[in-house]
Trainee: 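Just dropping this structure here.
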There are 2 protein chains.
Amino acid sequence: MPPTSPPPSSTPQRILDVAERLVQTQGFNGFSYADIASELHVTKASLHYHFATKAALGTELIARYHDTFQRALDGIDADERDARRKLRRYVDLYAGVLRKDRLCLCGMLASDFATLPRPMKDAVRRFFDLNERWVARVLEEGRKARTVRLGGAAAEVARTLVAALEGAMLVARSYGDVSRFEAALERLVTPLVTRQRS
Amino acid sequence: MPPTSPPPSSTPQRILDVAERLVQTQGFNGFSYADIASELHVTKASLHYHFATKAALGTELIARYHDTFQRALDGIDADERDARRKLRRYVDLYAGVLRKDRLCLCGMLASDFATLPRPMKDAVRRFFDLNERWVARVLEEGRKARTVRLGGAAAEVARTLVAALEGAMLVARSYGDVSRFEAALERLVTPLVTRQRS
DNA sequence: GTCTATAGGTGGATAGAC
DNA sequence: GTCTATCCACCTATAGAC
C-alpha cells in the first residue's frame, strides 16, 4: 500500500474533529454549528442530521475523547513496564494537546460545567475518574516496585496530579508558553519518580 | 453605629457583583446582559449606560478583582510574619471562593481566553503575575527563615503552585466537592511548609 | 445525506423619551 | 440614570424539496 492519502474520515468523524478542536480552544459556549458548517463547507441543517442537538454532539464528543484516551492509556501499559516511564508517557499526552494550542477537552468542559446538560456533566466526571484510576494504579505499581515514592495514598496523589496538570495547561495557554507547562510537569512528577530529593 | 444595614452599593458595583458571580460560575460566554438585568430588575439598556460594552464590563471586572485580591494579599502580609501562615491564608482565599461554588475569576477567564478581547487577555495574565510574584516572595521569605523548604527556584515553585490551585478548583467543582480541593491543598502545601517529609 | 428556507428566540448594542 | 422600542446579527433547531 502506497503511503499516500490518509484514511478518509466519515462525515460524523470530521464533524467531531472540528467540534473537538473548537471546544478545546473556545469552550462549549464559544462555538456554534455555523462555525463547524463553514469550516466543512456544509450547511447547519446537514450537521443537525448527524447530531440532532448540540447536547448530543457534546456527549458524543466526550465519549470519543474518553475512548481515545482509554486506548492511549492501554497503549502505554502495553509498551512500558516501569511506572516512571508510564507516568512520563502519561503527562506527554497532555503536553501534546497543549502543543496544538488546545486544552484538555474535559478540562475545558469542567469550566463550562454549570451550563452543561446532565449527560455531559456525568461524562466529564467519568473522564476524570478514568484518569485518576489509571494514575493511581500506576503509582501503586511504582510503589510496589520501589521506583515511585508516595507521600500518601496513591488515589489522593493521583487526584492532585490530574488536577494540577489541568491547571498547568490552563495557565500555560494564557501565556502561550508550553515551556511553562513543561516546567510545572517537572516540579510535579520528579518528586514522585526520584528515589529521594536530588 | 448600629450593626444594621450593610453599606448600600452603587449601581455599577451591584452590576459588577452580579456579573462577577456569573462569570465565576458560567464563564464569560455563558452569561448575558439579560441575565444581569433580570436579577437586578433593570433593563439591558440601563446596564449599557454604566458599561457600554461587554468587553468594557469584563475589563472592569478583572481590574476590581485584581485590586481586591491585591488588598487581601497586603492584609495577609500585615497580619502574618510566618511564611507558612501566609501560605495557608493565601490558599484559604481560594478555598473561600470555591465554597461559594465559584471558580477563580481569572481561572475561568483563562479557559475562555481564546475568545476574549485583548485588554481582558492582558488583565488575566497580570492577575496570574500578581499571584506568582506574591507567592514567590513569600516562599523566599520562608526559605530565608528556614521555615519553607524549596526544591528549586521560588518563582518556579510559585508558578506551579498557582497553576495547581486553579486546576484543583476546576476539578473539585465538577464533583461539587470542596473536600477534594482541600485534600489537594494539603498535598501541595504540606511538602513546602514541613521541615522534612513526616 | 445534503440542500433551501425559515421559524422562534436571544445576543450585544443604540436612539430617544422621560 | 432608567426607561421603551428597536436593530441586526446570530443562535439552535425544524420542515420539506432534491
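As a basis for the values below, the full set of heavy atoms in this structure was taken, side chains included, without hydrogen atoms, waters or symmetry mates.
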Trainee: Determine the contact category for B:Tyr33: base if any of its heavy atoms lies under 4.0 Å from a base atom, sugar-phosphate if only primed atoms, P, OP1 or OP2 are that close, otherwise nothing.
Mentor: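 Result for B:Tyr33 = sugar-phosphate.
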
Trainee: Rounded to whole Å, how long is the line connecting atom CZ of A:Arg14 with atom P of C:dG1?
Mentor: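 In whole Å, C:dG1 P lies 12 Å from A:Arg14 CZ.
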
Trainee: Of the nucleotides C:dC3, D:dC3, C:dT2, which one has an atom closest to the side chain of A:Ala45?
Mentor: C:dC3

Trainee: Starting at atom CG of B:Asn29, determine the distance to atom C1' of D:dC11, rounded to an integer number of angstrom.
Mentor: 13 Å

Trainee: Within the structure shown, what part of the strands sits under 4.0 Å from A:Phe31 by heavy-atom distance: base, sugar-phosphate, or nothing?
Mentor: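 If one applies the 4.0 Å heavy-atom cut-off, A:Phe31 turns out to touch the sugar-phosphate alone, with no base involved.
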
Trainee: Nearest whole Å is fine: how far is C:dT14 P from B:Phe51 CZ?
Mentor: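 That distance rounds to 16 Å.
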
Trainee: Within this structure, what is the CG-to-C1' distance between B:Leu40 and D:dG1, rounded to whole angstrom?
Mentor: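 Going from B:Leu40 (CG) to D:dG1 (C1'), I get 14 Å.
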
Trainee: Please report the C-alpha distance between B:Arg14 and B:Thr11 in whole Å, then the side-chain angles of each, then the deciding distance to 0.1 Å, and finally whether the side-chain hydrogen bond (donor to acceptor under 3.5 Å, both in side chains) criterion is met.
Mentor: CA-CA 5 Å; B:Arg14 276 179 299 144; B:Thr11 301; 3.2 Å; yes

Trainee: Take atom CG of A:Leu57 and atom P of D:dC11, then tell me their distance rounded to the nearest Å.
Mentor: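 So the two atoms are 14 Å apart, to the nearest Å.
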
Trainee: Measure from NE2 on B:His48 to C1' on D:dC7 and round the result to the nearest Å.
Mentor: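 Answer to the nearest Å: 12 Å.
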
Trainee: Separation of B:His50 atom NE2 from C:dG12 atom C1', in whole Å?
Mentor: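 B:His50 atom NE2 is separated from C:dG12 atom C1' by 17 Å.
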
Trainee: Please report the distance, rounded to the nearest Å, between CD in B:Gln26 and P in C:dG11.
Mentor: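 It works out to 11 Å between those atoms.
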
Trainee: Using a heavy-atom cut-off of under 4.0 Å over every strand shown, decide if B:Ser32 touches base, sugar-phosphate, or nothing.
Mentor: sugar-phosphate

Trainee: About how many Å separate NZ of A:Lys54 and CG of A:Leu47, when rounded to the nearest 0.5 Å?
Mentor: 12.0 Å

Trainee: If the threshold is 4.0 Å, N to carboxylate O, is there a salt bridge linking B:Glu132 and B:Arg137?
Mentor: no

Trainee: What's the closest nucleotide to the side chain of A:Tyr49 if the choices are C:dT2, C:dA13, D:dT2?
Mentor: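 Per side-chain heavy atoms of A:Tyr49, the pick is C:dT2.
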
